[in-house]
Every structure is written in C-alpha cells, then in structure tokens.
Amino acid sequence: MKFTLDNIDGQLVGIAELEGRLDARNSKPLQKTFLEWLEKTPLVVFDCSLLDFIDSSGLGAIVGCLRNALEKEGDVRLAGLNEKVGMVFELTQAKRLFSIFANRGEAASSFAVKPDPGTGR
Amino acid sequence: MKTILAFREEEFAWSHEVFSCVHPLLLPLCNKPFIEFLIDFAILVGSTAVRILCDGGINPIERYCEDGSRWGIALSYGSLHGDDTAETLLGKNRKFCGEERIMIVSGFSFIRYDKRLNYKSLAGSLPEGEWAACPGGSITLSGAPEKPPADGAATPLSLMPLDGMASYYRASMEALETGADRYVLPGYGGEPGCAIGRNVVISKSAQIRKPVSIGNNVQLLGDTIIGPSAIIGSNVIIDRESSVESSIVLDNTYIGEQLEVIGRIASGNRLNDPRSGASISMEDPHLLGSIKKSQTLSALPRKVAHALAALVMISVLAVPFLFLWPLLKLGGRWRSAQIDCHSENPGETISLGKVELDATNALGATASTLSLDRYFRLFRVLTAELALIGSTPLPAEEPHPNAPANALAYRPGVFSYAEAEQWPATGGDAAIVERYHLVHSGPISDIGLVVKAFVNRPHEKSSA
Amino acid sequence: MSSIITLTLPGDPLFTEVARQTTTSVASLLTGENHSASDETQFVHDFELAVSEAFTNSVKYAGEHDTPPTVTLTFELEKQRLTVSLLDANSPFSIDTPAPDIESYPENGYGLWIIRRVMDSVTYRREGNSNIISMSKTL
Amino acid sequence: MIITETSANGIVIVALEGNLDALSAPKLRGSPPVADPKTTVVLDLEKVGFMDSSGLGAIVGAAREKSDPACGIVLSCMNDKVRRTFETTNAQRLFHIFDDTAAAVDFAATRQIART
C-alpha cells in the first residue's frame with residue numbers, strides 16, 4: 001500500500017493507495033500502518049481506484065482508521081470507489097460516515113478549503 | 001382462438017446467470033411469475049388453449065403450470081427448432097392449431113396490456129400479421145380475421161424486451177406501480193397499491209409505504225421501512241431498522257440489520273445494481289449487520305457454551321441411549337449410514353452419521369422423542385467440528401449455499417435453527433431463518449434455541 | 001413410515017421390464033398431500049427412467065462370470081422421499097460421465113447423464129466386489 | 001415393440017408401438033428405411049409408452065447416418081414423457097418435431113423435393 005504526502009495550500013495531506021482486495025487477511029495490517037501515517041498527518045485520502053473488493057472486515061478497518069483520524073481532529077476522505085465497493089458502503093450506510101470524491105485530486109484539495117464550522121460533519 | 005408462446009433459451013440466458021435459483025420463465029414480475037402474465041393475456045384475447053414451445057428444457061414450467069386447469073384453459077408443451085419461423089411453427093403444431101386463428105407470442109418480453117380493455121374483439125378482427133413487436137419479441141396473428149373490423153377503439157398494446165436486469169427492474173416496477181387495475185395480480189386485498197401474501201408478520205414499528213407487494217411467509221422486523229415501490233418475494237426476513245425502497249427482494253432472501261437497499265435487486269445472498277449490473281455478495285454476516293454495531297463477538301464464548309451444553313446432554317441422555325440403542329440396533333430399527341457434509345470452513349467436509357430410526361414401536365418412538373438418532377453427533381460439538389445448534393448440515397454433493405469462498409454464514413449444527421423455529425424447512429426456506437439466527441445468536445440465546453429444537457423436533461417428526 | 005423392498009433379478013435384458021414396472025408401482029405409492037398430480041406422475045416417470053437406465057447398464061456390462069449375473073434392487077420408501085439402489089457384481093465404474101455432446105449425434109453415453117439429471121442425488125460406492133449405485137429424489 | 005411401415009407421397013412412415021428400450025432399439029436401428037441413408041423417414045411415436053437412452057441413441061444414431069441428418073428423420077406425435085427424455089439430453093434440438101404425422105410427411109416431402 002503506497003502512501004505519499006502532498007502539500008495542498010500549506011496543508012500536509014497523506015494519500016494512501018489501496019489495491020486489490022481488502023478483507024479479513026489484510027485489514028489488520030492496514031489499521032496498524034494507518035497509525036504510523038497518522039503520526040505524519042491527521043488528514044488522509046484513501047485512493048480506492050485500484051480497490052476491487054471489500055468485505056465487512058475491510059470496511060471495519062476503514063471505519064476504524066476514520067475513528068483514529070477523528071480523534072486527532074483529522075479526517076479520512078475516500079476517492080475513486082468503483083461500483084462494487086460503493087455498493088458495500090451504500091448498503092451498510094457506511095457512506096454516511098465519509099466524504100466521498102470522484103478522484104484523489106478532488107479529495108485532497110477538499111482538505112485545503114477551511115471546513116466551515118457550521119456544516120462540520 | 002388459440003395461443004402459442006415461443007421462447008428461445010438464448011433470449012433469457014442472462015437471467016440464468018443472475019437469478020440462478022429460478023427458471024427465467026417463472027421469474028416474478030411484481031408478485032407473479034412472468035409466464036402467468038402471458039397466459040392471462042392469452043385468455044384476455046379469448047384463447048381456449050395455450051401451447052408453450054421452447055428450444056430448451058421447460059420442465060420447471062410444466063411442473064408449475066401443469067395442464068392449465070387452474071386458469072380454465074388447456075395448456076400443452078412442445079419443442080422448438082433453432083430455425084423455426086412463425087409459419088413453420090404452425091405446421092409443426094397443426095393438430096393443436098386445427099382451424100382456429102392463432103396468436104403467436106414470441107420472445108422474452110413483457111406485454112403491456114390493460115385487462116379492462118376488450119382485446120378479444122380486436123384480435124378477432126385484425127388482419128393476419130404482426131400485431132405488436134419490440135426488439136427480440138413479437139405478437140403475430142395467423143389466419144383470416146374471424147369478425148368484421150371493430151371500431152377503432154384505442155386498445156393500446158406494446159412489448160418491452162426483458163434483455164437484462166435493467167429492463168427486468170423496469171418491468172417489475174411498472175407492474176407494481178400500475179398495480180391491480182391493469183394486470184391480474186394476486187393478493188391485492190383491500191387497499192389499492194398494497195398486496196400482502198399469507199403468513200406475513202409485520203412488526204408494529206415497521207412502516208409500509210405504498211406501492212408495495214409482499215409475498216408469503218415474510219417477516220418485517222422492528223423499525224423497518226418497506227417502500228415506496230418495494231417488491232418483497234416469499235420466505236424473506238427483513239431485519240431491524242433496514243429499509244427497502246424502489247427495490248426487488250426475490251424469494252428466499254435475508255436482509256440484515258440497519259441496511260439500506262435502495263434501487264437494488266436482492267436475490268439469495270446477491271445484491272445487484274440493475275443499472276450498472278454490478279453485484280456484491282451479502283452472505284458475509286457482519287456485512288448483514290451495519291458496521292456501527294461492533295461485530296466483535298468472538299467465537300470462543302459460543303464454542304465453550306455449546307461444548308458445555310453438549311456435555312450435559314451427553315450425560316443426561318447416556319442412560320436412555322445405552323438402554324435403547326442396543327435393542328433398536330438388534331431389532332433392525334436403527335440403520336445408520338455415513339454422509340459427507342460441508343463443514344464450517346469452506347472447501348472442507350466432515351463425515352456425519354445419518355441415523356434412520358424406525359419410530360413405529362414404543363422403543364423407537366421414545367428414542368426419537370429424545371433425539372437419540374443424533375446422540376453420536378453430540379460428541380462432535382466437544383471437538384468444535386459441529387455447533388450444538390446452527391445450520392442444517394448440507395450434503396457435500398449439493399452446491400455450498402454460499403458458493404464464494406468466504407462462507408461465514410453457514411455453521412452446521414447437531415440441531416438446526418429451522419427445527420427450533422419450525423420454519424418450513426424445505427430447501428431455501430430453512431436457510432433464511434438459519435441465516436437470521438447465525439447473525440443474532442449469542443451463547444445464551446443458542447442454548448434456549450437448543451431446548452426449543454429438542455422439544456419441537458419430535459413433534460415435527462411425528463407430523464412428518 | 002419408512003419401508004424397505006428388495007428385489008433380485010437375473011442380469012438379463014428380458015427383466016428390464018420387470019425392474020421398470022416394479023419401480024413404477026413402488027414410486028406411485030408415494031403421495032404427498034400438497035403435491036399436484038403432475039408432480040407425482042413426473043416423480044414416477046423420473047424413477048422409471050432412472051432405474052431402467054441403471055438396470056440396462058448393469059446388464060450390458062455384466063461381462064463373463066461363472067455364476068449367472070444378478071442385479072439387486074433395494075427400494076427405501078420414506079414419507080416424501082424414495083431411494084433406489086442397484087447392486088451388481090460388475091467391474092467398478094464412475095458416475096461422473098460428461099454431458100453428451102449432442103451436436104455430434106452420439107449413439108450412446110446418455111444413460112448415467114440422464115440418471116443424474118432426473119434424480120436429486122446419485123451416489124456410487126464399491127463394497128467388496130460389487131457396485132452400489134443409489135439414486136434418490138424427494139417429492 | 002411393433003414396427004409398422006407405410007408411405008405417403010413418397011415418404012416412408014415408421015410407426016412404433018410399445019417400449020423403445022435396450023431390447024427393441026436394435027430392431028428399430030436395423031429396420032431398412034431407418035438404416036438407409038438416402039431414405040427420409042417420418043417416425044410416428046404416438047404409441048410409444050416408454051423410451052430410454054437406448055431408444056434415444058438408436059434414433060439419434062440413425063439420423064447421423066442420413067445424408068441430411070437434420071431432416072433425414074422427422075419425428076411426430078411425441079407424448080410428454082418421450083419429449084422429456086429428449087429434452088434431458090437436448091436431443092430435441094437435432095430434429096424437426098411435429099404433433100401431426102400428415103404435417104410431418106408434408107414437411108419431409110417438400111424437403112425431399114428441395115434436395116433432389
């Protein structure tokens with residue numbers, strides 16, 4: 001899982017690329033490495049354009065990452081969900097927990113805009 | 001007037017892949033199988049006999065429609081050759097056609113008609129040839145008109161090809177929304193726009209938003225929202241706080257807790273998006289319960305509870321078993337054979353003793369009341385190869401209920417949840433109540449269900 | 001109600017008819033309350049066809065034996081389910097025959113395929129030097 | 001099984017009565033009009049009470065030997081039971097099947113003329 005750091009208008013934003021399957025086998029490692037990324041920046045984008053399967057443990061891991069990020073006043077925003085992965089989020093209403101963007105660019109630049117306190121999630 | 005319904009397998013091959021558990025010609029549109037819509041239209045047009053032709057096997061249709069007496073018409077079946085045209089079909093069914101005018105409906109398409117209109121006189125007076133058509137489907141009339149041309153009363157008739165999930169979804173919604181006024185739909189009782197079948201249990205806090213169609217043997221649990229535009233099949237459980245809107249839930253399907261099914265087709269454990277054609281599997285139990293509720297109940301406490309309960313049963317039943325078993329065995333009333341069943345982890349099988357207990361005499365009856373025919377299986381619970389209560393063990397040669405590898409929603413047990421609940425345990429139905437309990441069962445509730453299964457099973461056996 | 005009927009016949013084509021008619025009458029004993037007439041006639045036809053195929057195969061592959069070959073049919077009747085097994089002393093065989101490639105107009109190779117299509121479950125096992133093929137279907 | 005042969009406008013009609021199984025199939029397979037590749041035959045199955053794979057194999061095997069397998073043997077008056085045995089193996093796809101023998105003869109006659 002590649003993780004790069006971008007600087008968007010002075011904001012340090014982490015971009016993580018998820019690939020292939022995210023299921024019981026590799027959901028624990030994701031949560032562990034996410035904590036290291038969190039040390040660098042609480043604002044993270046999960047680029048899921050190469051992610052083609054997710055089951056409940058994968059979903060649980062991503063929600064876990066979000067919870068950790070929120071504890072550090074950060075956020076996890078998702079980008080490039082394909083139809084199948086999107087369906088899992090819609091079915092379990094998990095999509096209500098995340099801001100979801102078409103691609104990593106939009107997701108990253110959404111961090112640059114100061115979140116208007118009124119509409120904070 | 002007689003009718004020929006002609007189908008070619010390639011027209012509905014797509015449906016086999018997506019809805020593998022039902023024959024395409026019996027695919028429900030709203031709450032009625034597709035073929036019945038065509039039979040109704042044939043009757044509306046004044047047909048006294050209908051013949052169904054197909055180039056593949058139509059055995060399931062013959063078993064469903066039988067001889068047509070249910071609709072008061074003569075129904076017969078035949079085969080179709082690859083390069084048959086409307087004209088050669090008439091030749092091949094000359095005895096059936098006789099001198100009558102014949103309406104030939106060909107192709108896997110949905111007929112849009114309105115039962116209140118008079119198609120009979122129109123069909124009798126139209127000239128020979130095509131009456132209506134769509135890509136891959138047509139309605140043609142053979143022979144000279146039987147009556148002079150009727151006045152040009154507008155009797156609209158059109159065809160919609162059922163060539164994939166998207167068109168199937170549209171046709172079903174159309175049948176639901178136009179409801180009972182245009183089509184003959186069962187179960188449309190008092191309120192318009194709301195058809196409910198038999199043995200439907202609806203929780204007080206469940207909301208039904210019309211138009212809705214619900215089949216037989218359905219449970220809608222607390223705070224569920226069904227509709228608007230929801231088609232629910234038979235043998236379905238919609239679990240707490242889930243919503244089903246603008247969606248079709250086909251027979252034998254379990255929808256888990258706090259799930260949102262909007263604009264989808266759910267069939268067995270597959271959830272399909274009719275527009276994009278994407279589909280995901282829902283047999284992953286945690287996926288059946290929303291992610292907010294922590295799903296971390298580990299298996300250990302359950303396994304320990306089951307083992308302890310099994311130990312208790314082994315010791316309590318030891319005396320009656322050691323007394324009855326030798327007698328029954330000698331009397332030839334205890335026949336056992338080994339059968340291979342799917343184990344909990346996919347790909348592996350376990351060999352279980354299947355005991356055939358002849359309960360016609362007092363000894364056999366007591367043994368069966370005490371479920372002694374499953375006594376040996378209790379020991380498999382101690383080694384955690386079997387749960388004390390879980391799914392009905394499935395013979396290995398039958399396909400695994402959750403074909404994909406991660407079959408977490410199947411856990412074979414000495415007793416089954418279906419036996420505890422006395423749910424009609426025939427094939428798909430048992431699976432539904434079992435999937436519900438697999439998601440909800442905790443160690444304590446399981447023990448309660450074991451007692452229920454123990455008590456209900458003999459009752460079920462004696463009535464079986 | 002579960003009863004067992006056993007019938008041993010000489011392994012000779014002449015007796016296929018006996019096997020067939022016995023199967024038809026045993027299968028017709030099974031009536032379910034909530035089953036339509038056509039379900040029952042189809043149930044009987046399926047067994048008539050399956051047993052006739054199995055018996056014909058058993059006679060065809062009887063091979064040379066010092067004692068004349070025999071085929072033992074065992075009918076196991078349960079409430080809604082019938083299981084018929086055939087025992088013979090032929091050499092072992094496999095029931096996983098491929099589907100007939102119909103476009104090539106094959107003249108044989110249909111028997112076991114038909115049995116597997118019309119029966120709910122078919123199992124084969126070897127016991128000592130005899131084959132036991134058992135076919136079952138639920139009404 | 002009883003085999004009766006008749007003919008109508010140049011087409012041979014073979015009518016079968018009884019069971020078509022391992023015992024009777026060779027008789028059908030060997031009957032001259034059925035075995036002769038050049039003769040188009042209408043096989044009237046109305047009085048066939050039971051047919052198993054040997055019977056099916058005899059009909060399909062005979063068709064294969066015909067100069068035009070698709071129309072060399074035309075089937076007529078099949079009852080539901082026999083039709084199901086055909087459908088179990090998809091063999092119905094190989095034949096033109098009529099519910100009336102006269103119609104089958106007309107069809108065979110037109111095909112015969114078209115070919116000669």
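Chain letters run A, B, ... following the sequence lines, proteins first, then strands; residues in each count from 1. If you're wondering where the values come from, they're calculated on a predicted model, not measured in any experiment.
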Review point. When only heavy atoms count and the cut-off is under 4.5 Å, which of residues 52-66 of chain D reach chain B?
Key: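 Result: none.
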Exercise for review: Tell me the residues of residues 82-91 of chain D whose non-hydrogen atoms fall below 4.5 Å from those of chain B, in number order.
Suggested key: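 Listed by number: Arg83(D), Arg84(D), Glu87(D), Asn90(D).
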Exercise for review: Answer with side chain, backbone, both or neither: which region of Ala102(D) has an atom nearer than 4.5 Å to a non-hydrogen atom of chain B?
Suggested key: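 Contact with chain B is through both the backbone and side chain of Ala102(D).
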Practice item. Taking all heavy atoms of Gly91(B) and all of Ala103(D), pick out the closest pair and write down the distance. Key: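 Residues Gly91(B) and Ala103(D), closest heavy atoms: O-CB, 3.4 Å.
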Practice item. Looking only at non-hydrogen atoms, find the nearest pair between Gln92(D) and Ser79(B) and report the distance. Key: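 For Gln92(D) versus Ser79(B), the nearest heavy atoms are CG-CB, 3.7 Å.
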Return yes when atom [atom1] of [X] has more than 12 non-hydrogen atoms of other residues, nucleotides or ligands closer than 6.0 Å, and no otherwise.
| X | atom1 | result |
| --- | --- | --- |
| Glu17(B) | CD | yes |
| Lys81(D) | NZ | yes |
| Lys95(B) | NZ | yes |

Check your understanding: To the nearest 0.5 Å, what is the distance between NZ (Lys92(B)) and OG (Ser76(D))?
Key ->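 That separation rounds to 12.5 Å.
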Point to revise | Arg93(D) side chain vs Asp55(B) backbone, donor-acceptor pair below 3.5 Å | key: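 Yes.
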Check your understanding: Could you walk me through whether Asp99(D) and Arg51(B) pass the salt bridge (Lys or Arg N to Asp or Glu O under 4.0 Å) check?
Key -> CA-CA 12 Å; Asp99(D) 73 348; Arg51(B) 174 162 287 188; 3.1 Å; yes
Point to revise | Electrostatic pair Asp106(D):Arg94(B) at N-O distance under 4.0 angstrom | key: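 Yes, charged N to carboxylate O under 4.0 Å.
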